[in-house]
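For the numbers below, each heavy atom of this structure counts, side chains included, while hydrogens, waters and symmetry mates do not. First the proteins, then the strands, lettered A, B, ... as listed; each starts at 1.
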Amino acid sequence: MNQVRVRFAPSPTGSTHIGTARTALFNWLFARKEGGVFVLRIEDTDKERNTQEALEELIDGLKWLGLDWDEGPGKEGDFGPHFQSKRNDIYAQYLKILKDKDRVYEKDGAIYFKLEGDRFTEYDDYLKADVEKVKTQPVVIEDIIRGKVTRREDRDFVIQRSNGDPSFHFVNVVDDIAMKITHVIRGEDHLSNTSKHIELFNAFGVEPPKFAHLPMILKNPKEGKGKMSKRDKGALISEYRERNFIPEAVRNFIALLGWSPKDGQEVFTIEELTSRFRLEDVQKGGARFDEQKMSHLNFEYMKAMPIQAYVQIGKRSLAKSGLIEEPVDKNYLTAVMKLCQEKIDSFENLPGFASYFFSDQYAISEKAENKVMKKEGAIDRLEELLPRLAALQNWTQTEIDSAFNQLADEKQLKPFAWYPIVRFSVSGTNSGPDFLPMLEALGKERVLNRLEMAITKYH
RNA sequence: GCCCCGUUCGUCUAGCCAGGCCUAGGACACAUGGUUUUCAUCCAUGCGACAGGGGUUCGAAUCCCCUACGGGGUACCA
């Protein structure tokens with residue numbers, strides 16, 4: 001069998017959509033699994049809508065997700081160039097083939113592909129006009145995901161626009177032939193186009209590749225109906241980057257959009273993903289985007305990260321929100337990050353979760369304030385505790401713990417009587433990381449200062 | 001309008017092609033309880049679905065038909 005060759009063929013007309021990324025990922029996974037070649041081809045035939053920014057964002061997005069291509073921009077190989085805007089001579093050659101076979105004609109300055117079959121005129125309800133139709137033989141699409149799909153084209157279609165640019169259907173097929181593509185893996189929105197493409201393959205006398213049409217990614221029902229659009233939350237790859245999501249987690253999540261292994265495993269290394277991925281196991285029905293699942297997966301990856309990597313990303317996130325600036329106390333930062341790592345599911349929540357470690361200007365939760373500080377005896381608790389903590393020689397968890405316990409014993413209370421009050425006094429909230437480690441990390445000075453301030457403030 | 005594709009817990013899905021092992025399994029979310037003397041972690045339990053109708057069959061989530069609903073296409077966009 002010939003080597004598998006797949007292509008990812010985006011057109012750079014806007015921000016990179018999560019569905020686009022999934023198409024790229026599935027092509028990449030299939031190529032890697034089959035020991036094939038992953039081709040990146042830029043379909044930039046629509047000059048009005050293409051932008052350089054969109055192209056850059058696309059490339060950055062692929063790199064961010066760890067999807068490298070074997071042939072494409074920067075890796076020309078034997079089948080370049082990989083920008084359709086630079087392949088006009090190739091399209092001219094192929095157009096000539098169709099001309100020689102008498103399969104094209106010109107009308108209104110555009111070149112049409114001529115279907116084979118008896119012609120007749122019929123009123124078309126969609127076009128609201130009489131149009132010429134062709135009684136063609138149906139075409140069978142061999143789809144790995146859907147099985148055999150039978151469709152029939154009944155109207156000639158444009159392959160070269162009147163401005164001289166070749167059309168999508170034409171260049172898509174020509175390039176798949178010229179680049180020796182064996183499998184076309186793309187969104188279901190192309191399934192209806194595929195009969196046009198097969199007509200073209202047939203006209204060229206080339207056996208069509210195998211097809212696999214991926215289900216659409218639909219909107220969360222709360223957001224409305226239809227397929228996910230670029231305006232929907234979570235739709236753009238750039239958004240995940242900006243929000244400091246873990247690229248591996250995003251990739252993992254995207255892989256699960258329409259695909260899953262039989263045994264239900266959900267967290268994969270890229271190697272596992274590659275070896276387990278099968279086009280046959282792709283779901284037929286539309287998948288719906290679920291942000292909570294994305295966050296959950298992100299959390300799994302965050303928990304599993306080596307602490308150094310965690311600190312690095314955490315630092316970026318904290319710096320961006322202005323909580324820290326160079327030079328940073330690496331040890332302190334690392335200690336704080338360790339506390340956060342098992343608690344929060346996204347780096348975008350880090351500044352909110354950990355602000356009080358780095359600044360005295362942290363938010364005060366009114367709800368927590370009412371719950372904790374308005375209680376009878378709250379200030380007494382702080383006043384009796386303060387000297388005990390101040391007297392500690394070593395500011396360690398163990399020491400702090402025994403200070404609390406001693407005091408609790410004397411007052412015949414549980415240490416729990418102090419915890420929420422102290423937590424609130426030093427952090428402005430009643431939730432957060434593990435209590436004692438948090439106090440240790442904050443340091444004696446900060447803790448004492450904040451307790452004193454709380455006593456003054458709530459007296 | 002016409003053509004094509006689809007429809008299992010709120011969500012992602014397993015099971016469907018090769019009908020019985022399905023009183024339909026897992027995950028996220030949610031709820032309750034537990035641990036962690038705090039907590040957004042962790043653990044346990046619970047909640048919860050075969051779109052509807054007909055047919056075939058001893059037996060249907062699984063096969064067939066109809067309906068409903070959803071999606072895509074029907075462009076000199078890709």
Side-chain angles (χ1 to χ4, degrees), chain A residues 9-13 43-46 48-50 84 107-112 122-128 141 143 145-147 149-155 157-169 171-172 186-196 213 215-216 218 220-222 225-227 253 256-267 280-281 283-297 299 303 339-345 349 353 401 404-405 408 414-424 429-436 438-439:
Chain A
S11 44
T13 55
E43 305 220 330
D44 55 350
T45 51
D46 185 353
E48 283 76 45
R49 299 202 304 151
N50 290 314
Q84 289 187 327
K107 194 175 101 185
D108 305 329
I111 296 176
Y112 282 73
E122 190 181 71
Y123 179 77
D124 187 287
D125 213 23
Y126 181 72
L127 264 29
K128 304 287 177 209
I141 302 162
D143 193 289
I145 297 167
R146 278 150 222 285
V149 177
T150 307
R151 253 184 75 88
R152 210 170 59 77
E153 286 302 318
D154 63 357
R155 293 210 309 131
F157 54 92
V158 171
I159 57 174
Q160 189 179 95
R161 299 189 250 168
S162 50
N163 68 3
D165 290 342
S167 79
F168 159 71
H169 298 114
V171 295
N172 196 270
R186 59 186 6 169
E188 193 191 343
D189 46 343
H190 286 295
L191 184 55
S192 304
N193 293 146
T194 304
S195 39
K196 285 189 180 71
H213 287 95
M216 298 280 88
L218 272 18
N220 186 313
K222 289 172 209 148
K225 284 173 148 194
K227 69 172 171 176
F253 174 73
L256 258 13
L257 242 27
W259 173 83
S260 66
K262 299 295 174 201
D263 65 1
Q265 185 180 343
E266 291 197 322
V267 182
E280 290 82 354
D281 294 342
Q283 181 80 1
K284 294 189 188 77
R288 209 155 265 123
F289 172 81
D290 180 11
E291 194 179 14
Q292 285 177 319
K293 190 103 180 188
M294 171 75 254
S295 293
H296 167 75
L297 225 35
F299 187 30
K303 279 190 288 192
L339 296 179
C340 298
Q341 187 167 18
E342 55 190 29
K343 293 289 179 182
I344 55 169
D345 63 5
N349 294 336
F353 186 79
D401 192 25
F404 272 101
N405 284 327
K414 286 187 170 178
F416 174 70
W418 282 267
Y419 276 32
I421 305 167
V422 174
R423 180 189 281 281
F424 176 81
T429 169
N430 58 352
S431 69
D434 292 344
F435 182 64
L436 294 171
M438 175 191 79
L439 290 186

* To do: Classify the nucleic acid contact of A:D143 as base, sugar-phosphate or nothing, counting any heavy atom under 4.0 Å across all strands shown.
  => nothing
* **A:T45 versus A:D165, closest heavy-atom pair with distance** => O-OD2, 4.0 Å
* Asked: Do any side-chain nitrogens or oxygens of A:R49 fall under 4.0 Å of OP1 or OP2 in B:C77?
  -> no
* Asked: Reckon A:F353 touches a base, only the sugar-phosphate, or nothing at all at heavy-atom distances under 4.0 Å?
  -> base
* Asked: Mind checking who B:U56 pairs with, Watson-Crick or G-U wobble, both distances under 3.5 Å?
  -> none
* To do: Select base, sugar-phosphate, or nothing to describe what A:G258 touches, counting heavy atoms under 4.0 Å on all strands.
  => sugar-phosphate
* Asked: Are a donor atom and an acceptor atom from the side chains of A:R186 and A:N193 found within less than 3.5 Å of each other?
  -> no
* Look at all strands and tell whether A:D434 reaches a base, only sugar-phosphate, or nothing, counting heavy atoms closer than 4.0 Å. => base
* Indicate, with a heavy-atom threshold strictly under 4.0 Å, whether A:H190 touches base, sugar-phosphate, or nothing. => base
* Structure fact -> Partner of B:U74 under the Watson-Crick or G-U wobble criteria, both distances under 3.5 Å, comes out as B:G1
* Asked: If you look at every strand shown and take non-hydrogen atoms under 4.0 Å, does A:K343 touch a base, only sugar-phosphate, or nothing?
  -> base
* Using both distances under 3.5 Å as the test, list the Watson-Crick or G-U wobble partner of B:A68, or none. => B:U7
* Asked: For A:D345, which contact category applies under a 4.0 Å heavy-atom criterion: base, sugar-phosphate, or nothing?
  -> nothing
* Structure fact -> When both distances are under 3.5 Å in a Watson-Crick or G-U wobble arrangement, the nucleotide paired with B:G48 is none
* Heavy-atom donor-acceptor pair, A:K293 side-chain to B:A29 base, under 3.5 Å -> no
* Is the backbone N or O of A:M294 less than 3.5 Å from a side-chain atom of A:Q292, with the two atoms forming a donor-acceptor pair by type? -> no
* For the side chain of A:S162 and the base of B:C76, is some donor closer than 3.5 Å to an acceptor across the two? -> yes
* **Candidate nucleotides B:U37, B:U41, B:A78, ranked by approach to the side chain of A:R161 - the nearest** => B:A78
* Measure from the side-chain N and O atoms of A:D108 to the backbone N and O of A:A110, and report whether any donor-acceptor pair falls under 3.5 Å. => no
* How is A:P415 classified with respect to the nucleic acid when contacts are heavy atoms under 4.0 Å: base, sugar-phosphate, or nothing? -> base
Under 3.5 Å, which protein N or O atoms sit close to an N or O of nucleotides 5-9 of chain B? Give each pair with its distance.
{"unit_1": "B:C5", "atom_1": "O2'", "unit_2": "A:R146", "atom_2": "NH1", "d": "2.5"}
{"unit_1": "B:C5", "atom_1": "O2'", "unit_2": "A:E188", "atom_2": "OE2", "d": "3.1"}

* Please give the nucleotide sitting opposite B:C16 as a Watson-Crick or G-U wobble pair, both distances under 3.5 Å, or none. => none
* Any donor-acceptor N/O pair under 3.5 Å between B:A14 base and A:D263 side chain -> no
* To do: Verify the contact: side-chain N or O of A:R155 to OP1 or OP2 of B:A75, cut-off strictly under 4.0 Å; return yes or no.
  => yes
* Asked: Is A:T45 near enough to B:C77 that one of its side-chain N or O atoms lies under 4.0 angstrom from OP1 or OP2?
  -> no
* OP1 or OP2 of B:C3 less than 4.0 angstrom from a side-chain nitrogen or oxygen of A:S192, does that happen here? -> no
* Have a look at A:D154 and say if it touches a base, only the backbone sugar-phosphate, or nothing, with a 4.0 Å heavy-atom cut-off. => nothing
* Asked: Of all the choices, B:C76, B:G71, B:C12, which nucleotide is nearest to the side chain of A:Y112 once you look at every atom?
  -> B:C76
* **Complementary nucleotide for B:U35 - Watson-Crick or wobble, under 3.5 Å** => none
* To do: Name the nucleic acid region contacted by A:L297, choosing base, sugar-phosphate or nothing; use a 4.0 angstrom heavy-atom cut-off, strictly under.
  => nothing
* Asked: Checking all strands, does A:I344 fall into the base, sugar-phosphate, or nothing category for heavy-atom contacts under 4.0 angstrom?
  -> nothing
* Give A:S11 one of three labels, base, sugar-phosphate or nothing, depending on what nucleic acid heavy atoms sit under 4.0 Å from its own. => sugar-phosphate
